[in-house]
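To keep things clear, I will list the structure first and then write my remarks on it.
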There are 2 protein chains.
Amino acid sequence: MNDLTSLDMVSRLRSSGKRITPERKLLLRIIEQHAHLDAEEIYRIAQRDRPQIGLATVYRTLTLLKNLDIVRATDLGENHGHYEVRSEEHVHLVCSICGCVTDVPVPSALRAAAKKEQFAVQSTHFEIFGTCRSCSDKPSTASEAKRG
Amino acid sequence: MNDLTSLDMVSRLRSSGKRITPERKLLLRIIEQHAHLDAEEIYRIAQRDRPQIGLATVYRTLTLLKNLDIVRATDLGENHGHYEVRSEEHVHLVCSICGCVTDVPVPSALRAAAKKEQFAVQSTHFEIFGTCRSCSDKPSTASEAKRG
DNA sequence: GTAGTTGCAAAAAATTTGCACGGAC
DNA sequence: GTCCGTGCAAATTTTTTGCAACTAC
């Protein structure tokens with residue numbers, strides 16, 4: 001709950017010499033409000049506010065925000081990226097049935113393992129694929145799957 | 001060191017009703033001998049033994065072996081998959097400078113975290129990106145990077 | 001012999017780039 | 001006013017698919 005707000009991020013953009021455009025503010029807000037969307041999904045939501053926006057702008061903005069460490073891409077087992085605002089590191093529990101993503105904190109033992117190898121950690125990507133509790137409870141709903 | 005051998009994998013293929021073709025044996029051997037290659041790299045190595053092999057066969061075989069849980073795809077921060085034979089779960093330490101990948105065991109705390117959420121784990125993908133020890137030691141060699 | 005596999009080429013999906021116009025500063 | 005950022009379309013990159021020929025069983 002103590003994460004960056006859009007305002008923080010906008011000032012981070014500005015202080016790195018980048019311009020604050022309506023497209024960037026919009027996309028930032030969308031990524032902030034909906035974690036784990038892919039580029040297409042972000043694009044479609046953005047079009048509701050700004051119908052003429054281009055998919056290329058979405059990709060270019062994502063690249064920019066990644067370089068500024070404001071957002072990060074994660075691999076949720078499909079063959080395209082999903083994006084979220086960068087906050088504390090966490091583990092994604094990705095349900096293969098309903099596609100939901102739950103975030104849980106990263107055990108300190110993981111960073112300790114890297115330290116033991118004298119590996120200087122820049123970023124982490126932890127995904128656990130399986131079945132979430134509610135899908136385990138009602139196995140029949142499997143066909144409602146959001147993704148493949 | 002107590003991992004599956006090609007022979008084990010071939011019998012696993014056979015017992016699932018799939019045919020053992022020279023292409024499949026070759027690709028399996030390549031993935032076994034070189035972890036973390038991408039499809040293109042596997043394809044190029046395969047061509048040395050079997051020049052007429054098609055890239056589509058590589059992708060189809062990778063999909064097949066993934067479905068049989070013989071290999072797994074991992075995201076090493078590029079925009080395409082990398083493949084390795086499935087053995088015990090491990091964490092990949094991916095060096096952004098030289099591209100090397102070191103495997104370390106998964107701390108039990110991680111599985112415990114999933115269990116607490118009553119999440120049924122099927123597979124895990126743990127990548128830590130950063131700088132490996134030898135690249136930290138000699139920072140000048142950065143231009144030797146294998147990837148991007 | 002037959003059904004599963006292959007190679008090729010074309011298609012689809014995901015992402016990047018070139019360029020002229022437009023807007024943030 | 002200047003330069004960065006945008007939209008559009010085309011290009012690239014990565015992966016999948018259709019189909020006729022082939023081969024493991």
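In what follows, chains carry the letters A, B, and so on, assigned in the order in which the sequence lines appear, proteins first and then strands, with residues in each chain numbered from 1.
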Is there a donor-acceptor pair under 3.5 Å between the side chain of A/T61 and the backbone N or O of A/R24? no
Between A/E41 and A/H82, a side-chain donor and acceptor under 3.5 Å: no
Indicate yes or no for a side-chain donor-acceptor contact from B/R72 to the backbone of B/T124 under 3.5 Å, with no hydrogens or angles considered. yes
Along DNA chain D (nearest heavy atom to each residue), the more 5'-positioned of A/T21 and B/A39: A/T21
Among D/dT17, D/dG7, D/dT15, which nucleotide has an atom closest to any side-chain atom of B/R60? D/dT17
Using a cut-off of 6.0 Å, state whether more than 12 heavy atoms not belonging to B/R133 lie near its atom CZ. no
In whole angstroms, how far is the C1' atom of D/dT15 from the NE2 atom of B/H82? 14 Å
Using whole Å, report how far CG of A/L65 lies from P of D/dG5. 12 Å
Given D/dT6, D/dT2, D/dT15, which nucleotide is nearest the side-chain atoms of B/Y59? D/dT15
If you check every side-chain atom of A/T61, which of D/dT6, C/dG7, D/dT17 has the closest atom? D/dT6
Are the side chains of B/F129 and B/E127 in contact, using a 4.5 Å heavy-atom criterion? yes
Mark yes or no for a side-chain to base donor-acceptor pair under 3.5 Å between A/R19 and D/dC4, with no hydrogen or angle criteria applied. yes
Of all the choices, C/dT15, C/dG7, C/dC25, which nucleotide is nearest to the side chain of B/T57 once you look at every atom? C/dG7
Could one point to a donor on the side chain of B/R50 or the base of C/dG7 with an acceptor on the other under 3.5 Å away? no
Rounded to whole Å, CG of A/L13 lies from C1' of C/dA24 at a distance of 13 Å
Quick check on D/dG5: is either OP1 or OP2 less than 4.0 Å from any side-chain nitrogen or oxygen of A/R24? yes
Please tell me whether B/E84 and B/H90 have a donor and an acceptor in their side chains that are separated by less than 3.5 angstrom. yes
Output the rounded distance in Å from CD (B/Q47) to C1' (C/dG7). 12 Å
Counting any heavy atom closer than 4.0 Å, what does B/G81 reach on the DNA or RNA strands: base, sugar-phosphate only, or nothing? sugar-phosphate
Any side-chain N or O of B/N79 below 4.0 angstrom from OP1/OP2 of C/dA14? no
Let me know, please, whether B/E40 or B/R14 comes out on the 5' side of the other along DNA chain D by nearest nucleotide. B/E40
Note: for B/Y43 and A/P22 on DNA chain C, the residue whose nearest nucleotide lies more 5' is B/Y43
Round to a whole Å and report the spacing from NE2 of B/H80 to P of D/dT12. 19 Å
Check every strand shown and say whether B/L55 touches a base, only sugar-phosphate, or nothing at a heavy-atom separation below 4.0 Å. base
Can you check the A/D75 CG to C/dA14 C1' distance for me, whole Å? 13 Å
Using atom CG of A/L64 as one end and atom P of C/dA24 as the other, report the distance to the nearest whole Å. 16 Å
Take atom CG of A/L68 and atom C1' of D/dC4, then tell me their distance rounded to the nearest Å. 14 Å
